[in-house]
Amino acid sequence: MVHLIAKQLQGLATAQEAEELQRWLKSDAACQQEYDDMVLIWQKSGPLLANPQFNADIAWLKLDDKIAHANPKTKLPFHTIISFLFSSTQRTAAVVLVLVLIAGGGYWWYQKAQWQTFTAAAKNETFTLPDQSVVLVRKGSSIKYRKTFNKKERQVQLSGEAFFQVQPNENQPFLVATPNAEVKVLGTSFLVNSTESTDEVVVVTGKVNVTAKKESNNQITITKGQRAVLDHARFFHSPVTDSNFIAWKTGMLNFNNTALPKVLQDIAHYYGIQIELAPALHAIAHTFHVTVQFNNQPLAQALEEIALITGLQVKKEKDKVTFYRN
């Protein structure tokens, strides 16, 4: 299509080619947008490609003379070689190719320049997208988004974890792309946590569709109060029984007769550390139940309370914590 557009802009397209181009333009609004962008690039690059006014024959002779003095070996004049290599038809094709490359390169640059990146480097940060949707980005995570969303969809790219409050628009779906999946909504609030191998989506309001990138037929729809985890191309679906999934946003961790493995998992996620159970505790860990609430408490204090409730010992080494029994 790029080659066909180049011929159309040069006025060299046949009636059949022009008709094919029109069918392509009408097939999708995005196609028309791409064409308009390339026309703009073509118009802007025209002055740069204008042929200079000079005597080409004299220029070739001067160049031949310089080459002859620099290397006395008998050879065909340089312009003769060029003329041989590029017939008038070939020269036309070469010009078209150059123009296509310039237009394509300009279009690629234009598309790339449309994307912006927002990173929460030092703390959790909130920002507003061009459609007025609000995103809370967890510390260490980042969002890529377009300066202006196109008419077909609103797409962002997530690395890490974020909480979205999306402005409703049935005619312009909101898409969150991660390395593993694509999350599609019309207007709702939900959390996405993306890691190297897994994606977790929790819906607070509305409805969300999650599709695995590797298999487009592998998808699941979840609604308010539901959670889906994509792990190695497999979906796991369950109801949400507490609000700890968003503790990094609220600062609150609540446990009500909760089994120890789940408690340690939530604490590890909230404080961003690794927590392990000593091998001797693996078989009986589910028999320990915890009821406690933490409100923005320091890690050391939270670990001490869990140790007191369970009667276990705790050992902290760098970023890893281990619970064990004497």
Any side-chain heavy-atom pair from Asn124 and Val137 closer than 4.5 angstrom?
no
Are Glu200 and Arg227 within salt-bridge range, i.e. N to O under 4.0 Å?
yes
Please name the pair of heavy atoms, one in Arg138 and one in Ala120, separated by the smallest distance, quoted to 0.1 Å.
O-CB, 3.6 Å
Which of Val185, Asn169, Val176, Leu129 passes side-chain contact (heavy atoms from CB on, under 4.5 Å) with Arg154? It is Asn169
Indicate whether any N or O donor in one side chain lies under 3.5 Å from an N or O acceptor in the other, for Thr221 and Asn209.
yes
Report yes or no: do Asp242 and Asn254 form a side-chain donor-acceptor pair below 3.5 Å?
no
Please check if atom CD in Glu304 has more than 12 non-hydrogen atoms from other residues, nucleotides or ligands closer than 6.0 Å.
no
Are side-chain heavy atoms of Lys184 and Pro173 found at a separation under 4.5 Å?
yes
In terms of hydrophobic clustering (I, L, V, M, F, W, Y; side-chain heavy atoms under 4.5 Å; direct or indirect links), are Val183 and Phe149 co-clustered?
yes
Spacing of Leu303 atom CG and Leu299 atom CG [to the nearest 0.5 Å]:
4.0 Å
Considering all heavy atoms, the nearest Ala247-Leu253 contact
CB-CD2, 3.7 Å
Find out whether Val321 and Lys315 are in side-chain contact, i.e. whether some heavy atom of one side chain is under 4.5 Å from a heavy atom of the other.
no
Using 30° and 60° as the class limits, which term best fits the ring planes of Phe127 and Phe118: parallel, tilted or perpendicular?
parallel
Between Leu21 and Ile5, is the side chain to side chain contact (heavy atoms under 4.5 Å, CB included) condition met? List the steps.
CA-CA 7 Å; Leu21 177 60; Ile5 291 171; 3.8 Å; yes
Does a side-chain heavy-atom distance below 4.5 Å link Gln226 with His237?
yes
Within the supplied structure, the quantity of interest is the number of heavy atoms (other residues, nucleotides, ligands) at a distance under 6.0 Å from Lys207 NZ; does it exceed 12?
no
Here the gap from Gln274 atom CD to Lys320 atom NZ, rounded to the nearest 0.5 Å, amounts to 6.0 Å
Derivation of the ring pair (Phe, Tyr, Trp, His ring centres under 6.0 Å) call for Phe163 and Phe245
CA-CA 10 Å; Phe163 184 80; Phe245 69 92; 7.5 Å; no
Test item: side-chain donor near acceptor, Gln219 and Glu182, under 3.5 Å
no
Look at atom NZ of Lys262 and say whether more than 12 heavy atoms of other residues, nucleotides or ligands are closer to it than 6.0 Å.
yes
Between Asp131 and Gln167, does a side chain to side chain donor-acceptor pair (under 3.5 Å) hold up when you go through it step by step?
CA-CA 7 Å; Asp131 68 334; Gln167 286 290 331; over 6 Å; no
Roughly how far, to the nearest 0.5 Å, is CG of Leu136 from OG of Ser189?
12.5 Å
Would you check, one step at a time, whether the test side chain to side chain contact (heavy atoms under 4.5 Å, CB included) holds for His269 with Asn193?
CA-CA 11 Å; His269 180 255; Asn193 181 19; 3.6 Å; yes
Would you check if Leu312 and Tyr324 make a side-chain contact, meaning some heavy-atom pair closer than 4.5 Å?
no
Taken to the nearest 0.5 Å, the spacing of Thr178 OG1 from Gln157 CD works out to 10.0 Å
Are more than 12 heavy atoms, taken from residues, nucleotides or ligands other than Lys316, located less than 6.0 Å from that residue's NZ atom?
yes
Which heavy-atom pair separates Glu161 from Ser141 by the least distance, and what is that distance?
N-OG, 2.8 Å
Verify same cluster id: Ile143, Val210 (apolar side-chain graph, 4.5 Å):
yes
Can you name the nearest heavy-atom pair linking Thr322 to Ala278, along with the distance?
CG2-N, 4.2 Å
For the hydrophobic clusters of this structure (ILVMFWY residues joined by side-chain heavy atoms under 4.5 Å, transitively), does one cluster hold both Ile284 and Ile275?
yes
Heavy-atom check, side chain of Val292 versus side chain of Asn256, under 4.5 Å:
no
Over 60° means perpendicular and under 30° means parallel, so tell me whether Phe190 and Phe164 are parallel, tilted or perpendicular.
parallel
Distance-only donor-acceptor check, side chains Gln22 and Glu20, under 3.5 Å
no
Just do the side chain to side chain contact (heavy atoms under 4.5 Å, CB included) check on Thr126 and Val135 with the steps written out, would you?
CA-CA 6 Å; Thr126 300; Val135 186; over 6 Å; no
Less than 4.5 Å apart, side chain to side chain, heavy atoms only: is that true for Phe294 and Met252?
no
Starting from the C-alpha separation in whole Å, work towards a yes-or-no answer on side chain to side chain donor-acceptor pair (under 3.5 Å) for Glu276 and His282.
CA-CA 10 Å; Glu276 295 180 350; His282 289 174; over 6 Å; no
Under the side chain to side chain contact (heavy atoms under 4.5 Å, CB included) criterion, do Tyr145 and Gln114 qualify, and how do the steps go?
CA-CA 8 Å; Tyr145 63 98; Gln114 293 300 301; over 6 Å; no
Check whether any side-chain heavy atom of Glu305 sits under 4.5 Å from a side-chain heavy atom of Gln293, and report yes or no.
no
Should we count CG of Asn257 as having more than 12 external heavy atoms under 6.0 Å?
yes
I need the single residue from Thr250, Thr258, Asp266 that forms a side-chain hydrogen bond (donor to acceptor under 3.5 Å, both in side chains) with Asn244. Which is it?
Asp266
d(Leu264 CG, Ile306 CD1) to nearest 0.5 Å is 7.0 Å
Rounding to 0.5 Å, atoms CG (Asp199) and CG (Asn180) come to a distance of 4.5 Å
For the hydrophobic clusters of this structure (ILVMFWY residues joined by side-chain heavy atoms under 4.5 Å, transitively), does one cluster hold both Phe255 and Ile246?
no
Minimum heavy-atom distance Ile220-Ala228, with the two atoms named
CG2-CB, 4.1 Å
Over all heavy atoms of both residues, which pair between Tyr271 and Gln297 is shortest? Give the atoms and the distance, please.
OH-O, 2.6 Å
According to a 4.5 Å side-chain heavy-atom criterion applied to Ile, Leu, Val, Met, Phe, Trp and Tyr, with indirect links allowed, do Tyr270 and Ile273 form part of one hydrophobic cluster?
yes
